[in-house]
Number of protein chains: 2
Amino acid sequence: MKGKIFIIEDEASIVQLVQHNLEKEGFVVSSSLNGNEGLKELKKFEPNLLLLDWMLPDLSGIDICKNIRRDSNFKSLPIIMLTAKGEEEDKVKGLESGVDDYVTKPFSFNELHARIKAVLRRSDPNIVANDLTFEDLKLDRIEKRVFRADKEIQLGPTEFRLLEFFLTNPKRVYSRDQILETVWPNNVNVESRTIDVHIRRLRQSINIKDKKELIRTVRSSGYSLV
Amino acid sequence: MKGKIFIIEDEASIVQLVQHNLEKEGFVVSSSLNGNEGLKELKKFEPNLLLLDWMLPDLSGIDICKNIRRDSNFKSLPIIMLTAKGEEEDKVKGLESGVDDYVTKPFSFNELHARIKAVLRRSDPNIVANDLTFEDLKLDRIEKRVFRADKEIQLGPTEFRLLEFFLTNPKRVYSRDQILETVWPNNVNVESRTIDVHIRRLRQSINIKDKKELIRTVRSSGYSLV
DNA sequence: TTAAATTGTAATATTTCTGTAACAAAAGAA
DNA sequence: TTCTTTTGTTACAGAAATATTACAATTTAA
């Protein structure tokens with residue numbers, strides 16, 4: 001069971017795109033093109049997550065948010081807000097009125113999907129896959145543990161995130177910039193060479209003697225798993 | 001054995017939803033769509049708990065309640081009343097006529113489930129799991145006692161709730177925010193560092209020499225049991 | 001009411017983690 | 001080979017997160 005997602009968004013093309021893709025991912029999806037009706041349908045549908053357009057013809061996103069948060073049955077419904085580019089103040093307002101995350105339009109489905117999983121993982125962990133594995137490596141996001149060949153490995157927080165990142169796309173080569181963007185908290189400035197050091201630390205931790213090296217260096221491109 | 005639940009409710013869709021979910025949870029469920037018949041069937045069925053709609057076409061919730069309380073065989077049958085939104089006076093009347101709890105429609109199944117467990121825990125402790133255990137730790141929700149290796153341990157109220165929380169999902173790592181949300185009463189603002197102190201107190205209480213530490217610190221993530 | 005227990009916070013100590021710089025080693029290029 | 005570029009390794013100081021302690025305020029019990 002992947003969970004139920006409700007969409008309130010007035011641009012039919014977006015709804016169609018998102019709904020179709022989410023259903024392909026195994027979610028049960030329902031949607032509404034306007035706010036007032038959407039609210040009613042949503043409460044019947046009882047989703048695990050709401051995708052909410054911030055600019056609707058009838059009701060503003062804030063109003064919907066408030067309404068939802070006031071209803072004891074939906075107080076903790078995770079909400080991801082869809083906002084048009086440049087409406088920076090809206091983001092602030094959104095986060096203040098209890099939105100869990102936001103995605104700026106236009107967005108790629110992959111980006112949205114990642115956000116959805118992240119939000120669901122926090123609010124409703126059973127809905128989302130929590131173990132990442134690759135060969136004899138296993139990372140448990142719930143218990144925050146890492147195993148190589150069934151032996152537990154201790155990692156620092158950054159090494160953990162780094163490995164988690166590689167495990168979401170094994171084999172794929174990531175540049176230092178890509179790694180930096182995803183693994184490090186936003187608006188943090190670190191030397192790109194710093195990654196080398198963390199790679200070293202990660203290697204040191206996950207390598208077992210007689211077992212093959214798991215992190216490959218791709219000269220002038222970056223690193224990848226195996 | 002999870003116990004038997006009877007439902008008297010005239011909206012077939014609600015009955016279906018609730019009955020289905022309760023059966024999935026292991027309860028034996030029977031139901032009736034109207035009051036007079038429901039009363040008869042109920043007495044044959046001999047449930048451990050009754051879910052009672054307050055607004056029925058034929059008999060009012062109060063009448064049913066009175067009838068039940070007058071019957072010596074069902075004097076102490078726990079009743080949860082289902083009431084439509086805004087019927088505040090009904091709640092008062094309900095509680096006066098011996099209802100144990102009420103749930104406002106529309107409700108989520110999870111909410112109802114929680115209420116049912118809470119009511120059964122009080123009235124019929126054998127039906128509901130009241131002991132949380134993990135390795136040699138045992139927490140008794142009824143008597144509010146905690147044991148480690150069969151030796152009783154004294155905990156303050158907050159430490160008790162904290163441990164109870166960890167025991168509902170052992171091994172899982174919880175962030176300070178999650179702990180705060182669940183363990184502390186709502187809309188109470190406490191410093192997130194305060195949790196560290198309570199963790200310390202809890203550790204101090206449940207740790208026995210020569211026995212392993214039960215609470216794991218996961219740097220930058222939170223805490224978990226073992 | 002007094003005494004005891006409980007709570008939250010702030011201050012301090014301790015531990016662990018991070019980023020960087022400096023140098024070594026390796027891989028390409030010429 | 002020799003030079004250049006890129007990556008590996010190491011050590012270390014400062015930063016960040018957690019542990020511990022003490023204390024005042026509040027609640028509960030006696």
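Numbers restart at 1 for each chain; the letters A, B, ... are given by sequence-line order, proteins then strands. Worth knowing before you read on, the calculation uses all heavy atoms, side chains too, and leaves out hydrogens, waters and symmetry mates.
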What is the distance, to the nearest angstrom, from the NE2 atom on H198(B) to the P atom on dT7(C)?
6 Å
Mind checking Y223(B) for me? I need base, sugar-phosphate or nothing, with any heavy atom below 4.0 Å counting as a touch.
sugar-phosphate
In terms of the angle between their ring planes, are F45(A) and F6(A) parallel, tilted or perpendicular, with boundaries placed at 30° and 60°?
tilted
OP1 or OP2 of dT7(D) sitting under 4.0 Å from any side-chain N/O of R176(A)?
yes
Applying a 4.0 Å non-hydrogen cut-off, can you work out what E159(A) is touching in the nucleic acid: base, sugar-phosphate, or nothing?
sugar-phosphate
Name the residue closer to the 5' end of DNA chain D, choosing between S221(B) and Q204(B) according to the nucleotide with the nearest heavy atom.
S221(B)
Examine dT18(D): is either OP1 or OP2 under 4.0 Å from a nitrogen or oxygen in the side chain of R193(B)? Give yes or no.
yes
Does dT6(C) have OP1 or OP2 under 4.0 Å away from a side-chain N or O of R201(B)?
no
Cationic N near anionic O, under 4.0 Å, K4(A) to E46(A)
no
Between N207(A) (CG) and dT9(D) (P), how many Å, whole number?
10 Å
For atom CD1 of I215(A) and atom C1' of dT9(D), their distance in whole Å
15 Å
When all nucleic acid strands are considered with a 4.0 Å heavy-atom cut-off, which category describes S220(B): base, sugar-phosphate, or nothing?
sugar-phosphate
For L155(A) and E191(A), find the nucleotide of DNA chain C closest to each by heavy atoms; which residue's nucleotide sits nearer the 5' end?
L155(A)
Integer-rounded Å distance: dG19(C) P and I179(A) CD1:
13 Å
R219(B) side chain N/O closer than 4.0 Å to the phosphate oxygens (OP1, OP2) of dT16(C)?
no
Can you check whether R203(B) has a side-chain N or O nearer than 4.0 Å to OP1 or OP2 of dA19(D)?
yes
Please pick, from dC17(C), dT6(C), dT20(C), the nucleotide with the shortest atom-to-atom distance to any side-chain atom of P157(B).
dT6(C)
Please report whether the ring centroid of F165(A) lies less than 6.0 Å from that of Y174(A).
yes
Rounded to whole angstrom units, what separation is found between the CG atom of L180(A) and the C1' atom of dG19(C)?
12 Å
Is a salt bridge present between R121(B) and D100(B), judged by a nitrogen-to-oxygen distance below 4.0 Å?
no
Paired with E135(A), the salt bridge (charged side-chain N to carboxylate O under 4.0 Å, His left out) test is passed by just one of K211(A), K171(A), K212(A), namely K212(A)
Rounded to whole angstrom units, what separation is found between the CZ atom of R200(B) and the P atom of dT6(C)?
16 Å
Distance below 4.0 Å between T158(A) side-chain N/O and dC17(C) OP1 or OP2:
no
Under-4.0 Å side-chain N/O to phosphate OP1/OP2 contact, T194(A) with dT20(C):
yes
When the distance from CG of L202(A) to P of dT18(C) is rounded to whole Å, what number comes out?
12 Å
Does T217(A) place a side-chain N or O at less than 4.0 Å from the phosphate oxygens OP1/OP2 of dT6(D)?
no
For W184(B) and dG8(C), is the shortest distance between a side-chain N/O and OP1 or OP2 below 4.0 Å?
yes
Write down the distance between CG (D196(A)) and P (dC23(C)), rounded to a whole number of angstrom.
18 Å
Name the one of V99(A), L82(A), I64(A) that satisfies side-chain contact (heavy atoms from CB on, under 4.5 Å) with W54(A)?
V99(A)
